[in-house]
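Quantities reported herein were computed from a predicted structural model and do not represent experimental measurements.
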Amino acid sequence: MADISQIKNGEKMSLRQQVALTAKLSWPAIIAQLSTILMQYIDASMVGRLGADESASVGLMNSSLWMFWGVCSMITMGFSVQVAHLLGAGNESGARSVLKQGITSCLIAGSVIAMLGVAIAFPLPHWLGGDAEICGNATVYFLTFVSALPILIMNYLAGGMLRCAGNMTVPGILNVGMCVLDVVFNFFLIFPSRELMVGGNPLIVPGAGLGVFGAALGTVCAEIVCASAMMYYLCRRQKGLSLIGSNHRGGYRPTRGVLRRAVKIAVPMTAEHIIFCGAQITITLIVAPLGVVAIAANAFAVTAESLCYMPGFGIGEAATTLCGQSYGAGRYPLVRRFCYLTTMLGMAIMTIMAVVMYVCAPMMMEIMTPVAAIAEAGTEVLRIEAFAEPMYAASIVAYGAFVGVGDTLIPAIMNFGSIWLVRIPLAAVLAPTLGLQGVWIAMAAELTFRGIIFLIRMRGKAWLKPGRTAAQPDAVPEV
């Protein structure tokens with residue numbers, strides 16, 4: 001029976017046990033990622049029923065929201081990776097100390113980022129080239145999400161800590177619950193009161209009729225419930241990290257050592273994410289002149305495609321946990337084996353998902369929007385992107401493994417170079433002649449290139465060096 005404790009206990013693991021443990025941690029993470037994307041899919045499809053302008057207002061802001069969400073997520077990883085190393089080394093007291101300091105640091109960071117988002121919420125849609133008809137709803141949608149970032153960052157922190165401790169099940173279950181709550185909240189918040197026929201009898205269903213604002217508010221409410229439950233489980237129930245009855249005396253005030261390690265891990269990841277989202281925003285600027293249909297089709301296609309690639313991110317989270325704890329335990333050959341296993345698994349699953357996406361692209365788009373022109377354009381670009389998914393998986397999962405050992409700077413540079421030297425120039429050249437299809441051809445070419453360079457780095461030795469682990473004796477004070 002494969003178990004995460006075998007890593008820190010120094011037990012010998014057969015290939016079969018390694019594969020079993022990889023699968024054991026990957027599947028709950030995949031379900032959690034899929035539920036998160038399904039939530040976005042639900043939002044997009046419900047808003048899509050309101051019309052093309054409402055769909056475009058949401059689509060215009062998605063890339064900017066991903067930047068803010070992603071920065072929060074990357075900040076939490078600076079603390080979660082330290083916890084993986086410390087638990088791998090059997091240092092539970094040090095792990096609890098990092099958890100406490102992470103809570104304080106992330107609350108402060110989330111508040112600062114939220115204030116920045118609020119400050120730019122009104123001019124941002126105009127900066128992105130949005131038409132006057134969609135800028136009002138776009139601002140409301142963006143403002144609702146960024147205002148809640150201090151709470152939402154706790155969801156990212158708790159989920160990351162639980163996963164790095166080897167607990168993929170609880171985040172998975174809670175993310176599925178969040179998805180269900182999102183449907184319920186959206187059902188009542190987006191649409192006005194309406195009459196439904198049930199068993200031949202009319203039934204009045206109450207609704208707030210808040211439209212785009214209701215979509216954002218429903219999602220935020222669902223995430224707040226999930227964050228509260230996740231933090232409760234982490235701080236009271238999670239073995240090795242629970243702060244109840246642990247007799248741990250460490251405080252919540254961040255210390256220089258923990259912050260220094262968090263910055264070393266998180267800053268390259270955060271910079272890489274900002275650069276990536278900057279590229280996405282640049283793509284939005286390239287797409288915006290193509291019209292409302294192109295903006296909406298691009299946004300819906302990105303959401304639909306995420307159902308294909310999010311399993312890769314789930315396996316990437318498993319790779320971070322497995323490689324991080326193995327690295328903290330000083331078991332370097334095991335780190336490399338887990339890196340190979342998770343990457344191959346990710347490529348296999350995303351190849352299957354790519355085939356499904358190619359075949360089901362028309363149905364996926366029709367679910368999201370009743371506008372035939374938007375659905376048709378989205379279908380065309382999804383089928384282009386399907387060919388790039390296997391290599392995209394290689395970059396996603398290998399990156400997760402590199403993060404687990406604290407190797408973040410070079411992979412961040414690789415992502416930066418791939419996006420800005422391949423995707424953006426190609427998209428700028430192809431969009432004027434091929435329209436939205438040209439933009440997605442550029443994206444598919446860049447993702448293939450990125451997967452190749454990550455596989456090349458994975459085969460080398462530079463990413464797996466001793467000395468990055470937080471499990472050094474003087475790394476974390478146990479008081």
For Q82 and V258, indicate whether the former's side chain and the latter's backbone hold a donor-acceptor pair under 3.5 Å. yes

Look up atom OG1 in T144 and atom CG in L65, then write down how far apart they are to the nearest 0.5 Å. 9.5 Å

Inter-residue atom distance L409.CG - I265.CD1, 0.5 Å rounding: 13.0 Å

Could you pull out every donor-acceptor pair under 3.5 Å between side chains of residues 130-140 and any protein atom, sequence neighbours left out?
residue : atom : partner : partner atom : Å
T139    : OG1  : A121    : O            : 3.2
T139    : OG1  : C135    : O            : 3.2

Going from CG on L210 to CG on L217, what distance comes out if it is rounded to the nearest 0.5 angstrom? 7.0 Å

Does a side-chain heavy-atom distance below 4.5 Å link L21 with F338? yes

Heavy-atom donor-acceptor pair, N155 side chain to A158 backbone, under 3.5 Å: no

Minimal heavy-atom distance between M350 and A393, with the atoms involved, is SD-CB, 3.3 Å

Before you tell me yes or no, could you show the steps for Q18 and R337 under side chain to side chain donor-acceptor pair (under 3.5 Å), namely the whole-Å CA-CA distance, both residues' side-chain angles and the distance that decides it to 0.1 Å? CA-CA 8 Å; Q18 293 169 33; R337 288 198 294 273; 3.2 Å; yes

Check the pair V403 / D407 against side-chain contact (heavy atoms from CB on, under 4.5 Å), numbers first and verdict last. CA-CA 5 Å; V403 168; D407 177 42; over 6 Å; no

For F187 and F191, what are the C-alpha separation, side-chain angles and deciding distance, and is it a ring pair (Phe, Tyr, Trp, His ring centres under 6.0 Å)? CA-CA 7 Å; F187 184 78; F191 304 105; 7.3 Å; no

What's the shortest heavy-atom distance between L285 and G129, and which atoms? CD2-N, 4.4 Å

Between T433 and L430 (side chain of the first, backbone of the second, donor and acceptor by atom type, cut-off under 3.5 Å), is there such a pair? yes

Do K264 and T408 have side chains that get closer than 4.5 Å, going by heavy atoms? no

Side-chain touch I7/L322, heavy atoms, less than 4.5 angstrom: yes

With a 6.0 Å cut-off on the ring centroids, do Y309 and F313 count as close? yes

Looking at F213, F68, F122, W69, which one forms a ring-ring contact (aromatic ring centres under 6.0 Å, His included) with F142? F68

Quick one: are E366 and T379 in side-chain contact, heavy atoms under 4.5 Å? no

Using 0.5 Å steps for rounding, measure from the OH atom of Y332 to the SG atom of C323. 13.0 Å

Is a donor on one side and an acceptor on the other found under 3.5 Å between the side chain of S80 and the backbone of M77? no

Mind running side-chain contact (heavy atoms from CB on, under 4.5 Å) on W440 and M443 for me, showing each step along the way? CA-CA 5 Å; W440 282 68; M443 190 185 305; 4.1 Å; yes

Result block: side-chain N/O donor-acceptor pairs under 3.5 angstrom for residues 410-424, not counting sequence neighbours:
residue : atom : partner : partner atom : Å
N415    : ND2  : E272    : OE2          : 3.1
S418    : OG   : E446    : OE2          : 2.5
W420    : NE1  : I275    : O            : 3.2
R423    : NE   : E446    : OE1          : 3.0
R423    : NH1  : Q280    : OE1          : 2.8
R423    : NH2  : E446    : OE1          : 2.6

Taking the side chain as every heavy atom from C-beta outward, state whether L447 and M391 have any pair of such atoms under 4.5 Å apart. no

Between I113 and C72, is there a side-chain heavy-atom distance shorter than 4.5 Å? yes

Quick one: does H85's side chain have a donor or acceptor within less than 3.5 Å of a partner on G404's backbone? yes

Counting C-beta onward and ignoring hydrogens, is there a side-chain heavy-atom pair between V287 and I283 closer than 4.5 Å? yes

Without swapping roles, check the side chain of E305 against the backbone of E385 for a donor-acceptor pair under 3.5 Å. no

Contact summary for C339 and A401, nearest pair of heavy atoms: SG-CB, 3.6 Å

Measure the shortest side-chain to side-chain distance between T343 and L455 over non-hydrogen atoms and say whether it is less than 4.5 angstrom. yes

So, the side chain of R336 versus the backbone of M458: is there a donor-acceptor pair under 3.5 Å, distance only? yes

Pair V118-S147, side-chain contact (heavy atoms from CB on, under 4.5 Å): steps then yes or no: CA-CA 7 Å; V118 170; S147 299; 4.0 Å; yes

To check you understand the geometry: which heavy-atom pair defines the closest contact between C164 and T320, and what is its length? SG-CG2, 4.4 Å

Atom pair CE (M230) and CE (M154), whose distance is rounded to the nearest 0.5 Å: 12.0 Å

So, taking the atom named CG in L157 and the one named CG in L234, what distance separates them when rounded to the nearest 0.5 Å? 7.0 Å

Identify the two heavy atoms, one from V381 and one from A301, that lie closest to each other, and give their separation to 0.1 Å. CG2-CB, 3.6 Å

Considering non-hydrogen atoms only, spot the tightest contact between S73 and T76 and give its length. O-OG1, 2.6 Å

Working note: V225 + M178, criterion side-chain contact (heavy atoms from CB on, under 4.5 Å); need CA distance, chi angles, decisive distance, verdict. CA-CA 7 Å; V225 173; M178 179 171 65; over 6 Å; no

